[in-house]
Amino acid sequence: MKIGELAQRTGLAPSRIRFYERIGLLQPPQRQANGYRSYPDDAVVTLGLIATAQKTGFSLEELRQLLPGDLSQWRHDELLSTLRQKVASIDQLLEQLTQNRAELQALMTEIEARPQGLDCAGNAKRVIGQMQLPGRKKKSGEAAD
């Protein structure tokens, strides 16, 4: 199939398809006598895998190492290991994001608890004074955690 048909079947722009060829994620297609690219049906599958993998967080470099040149050459154990590593990485990111969210919510609560009569600048100083910033030591007289 020509690049236009491949683009239509995959929903990718022809320029994106040529980019994937250029960086080695998609095998270069055969050329017809007129110079047009002629893609095999497997190109649809490969491009679908690339698009899906990118949506799930794989970088182009990770994909270059993961995708075999020939889809029939998948290494089952290596593929599963890579997918497990990506899931573990996502789990770590989720944990960090959950912690960040909790810290931001606590900060909002502190800001919203502005004592009556205290202006915004004073409230900011109050909240910052209560924050546990990395490397900040408590002054004498400050409450310990």
Side-chain angles (χ1 to χ4, degrees), residues 1-115 118-138 142-145:
M1 78 188 87
K2 292 181 184 172
I3 196 166
E5 182 182 347
L6 181 59
Q8 185 176 20
R9 288 177 64 183
T10 61
L12 297 171
S15 60
R16 173 65 59 182
I17 295 169
R18 287 189 292 270
F19 170 73
Y20 289 146
E21 278 179 48
R22 193 170 56 253
I23 66 170
L25 286 179
L26 183 64
Q27 292 297 309
Q30 297 290 322
R31 294 279 185 161
Q32 298 174 346
N34 59 9
Y36 289 156
R37 292 171 168 90
S38 179
Y39 293 91
D41 289 336
D42 279 358
V44 174
V45 174
T46 300
L47 290 170
L49 288 170
I50 292 169
T52 299
Q54 281 192 292
K55 287 178 187 175
T56 60
F58 281 89
S59 69
L60 293 177
E61 184 56 39
E62 288 172 321
L63 288 174
R64 189 181 343 275
Q65 294 175 15
L66 181 62
L67 286 174
D70 178 0
L71 293 180
S72 66
Q73 301 298 315
W74 282 98
R75 292 179 300 276
H76 181 264
D77 292 340
E78 186 178 322
L79 174 61
L80 283 176
S81 174
T82 301
L83 293 174
R84 286 184 180 111
Q85 288 172 5
K86 183 54 79 173
V87 168
S89 173
I90 290 170
D91 287 343
Q92 283 181 319
L93 180 58
L94 281 171
E95 186 177 314
Q96 181 63 52
L97 289 172
T98 300
Q99 182 179 348
N100 292 353
R101 184 176 191 267
E103 290 172 4
L104 288 172
Q105 287 176 325
L107 179 60
M108 288 186 309
T109 299
E110 276 301 315
I111 292 170
E112 290 170 341
R114 178 177 66 171
L118 189 62
D119 66 2
C120 280
N123 194 41
K125 288 178 184 177
R126 178 187 69 83
V127 170
I128 291 170
Q130 293 175 353
M131 291 174 63
Q132 293 300 308
L133 300 175
R136 180 177 178 265
K137 294 182 181 179
K138 291 206 175 276
E142 283 186 327
D145 286 339

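Both backbone and side-chain heavy atoms feed into the values below; hydrogens, waters and symmetry mates do not.
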Between CZ on residue Phe58 and CG on residue Leu49, distance to nearest 0.5 Å | 11.0 Å
Evaluation steps, side-chain contact (heavy atoms from CB on, under 4.5 Å), between Thr10 and Ile17 | CA-CA 10 Å; Thr10 61; Ile17 295 169; 4.2 Å; yes
From Ile50 CD1 over to Ile23 CD1, what is the distance, rounded to the nearest 0.5 angstrom?
-> 7.5 Å
Would Leu60 and Gln54 satisfy side-chain contact (heavy atoms from CB on, under 4.5 Å), going step by step from the backbone distance to the final call?
-> CA-CA 7 Å; Leu60 293 177; Gln54 281 192 292; 3.2 Å; yes
Roughly how far, to the nearest 0.5 Å, is the CG atom of Leu107 from the CD atom of Gln130?
-> 10.5 Å
Under 6.0 Å from the CD atom of Gln32, do we count more than 12 heavy atoms belonging to anything else shown?
-> yes
Heavy-atom donor-acceptor pair, Thr109 side chain to Gln105 backbone, under 3.5 Å = yes
Would Thr56 and Lys86 satisfy side-chain contact (heavy atoms from CB on, under 4.5 Å), going step by step from the backbone distance to the final call?
-> CA-CA 9 Å; Thr56 60; Lys86 183 54 79 173; 5.6 Å; no
Out of curiosity, Lys2 NZ to Asn34 CG, how far, rounded to the nearest 0.5 Å?
-> 6.5 Å
Please report the closest heavy-atom contact between Glu110 and Arg126, naming both atoms and the distance.
-> O-NH2, 2.6 Å
For residues 39-48, run the donor-acceptor check on the side chains, cut-off 3.5 Å, and write out each pair with its distance to 0.1 Å, sequence neighbours left out.
| unit_1 | atom_1 | unit_2 | atom_2 | d |
| --- | --- | --- | --- | --- |
| Tyr39 | OH | Glu21 | OE2 | 2.1 |
| Tyr39 | OH | Arg37 | NE | 3.4 |
| Thr46 | OG1 | Asp42 | O | 3.1 |

Just wondering, more than 12 heavy atoms not from Gln8 lying within 6.0 Å of its CD?
-> no
Counting only heavy atoms not in Arg101, do more than 12 sit closer than 6.0 Å to its CZ atom?
-> no
Are Glu95 and Gln99 close enough that a side-chain donor and a side-chain acceptor fall under 3.5 Å?
-> no
Counting distance only, does the side-chain N/O of Ser89 pair as donor-acceptor with the main-chain N or O of Gln85 below 3.5 Å?
-> no
Charged N-O contact under 4.0 Å between Glu61 and Arg64 = yes
Would you call Leu6 and Pro14 a side-chain contact if the rule is heavy atoms closer than 4.5 Å?
-> no
CD-CD1 distance between Gln92 and Ile90, expressed to the nearest 0.5 angstrom = 11.0 Å
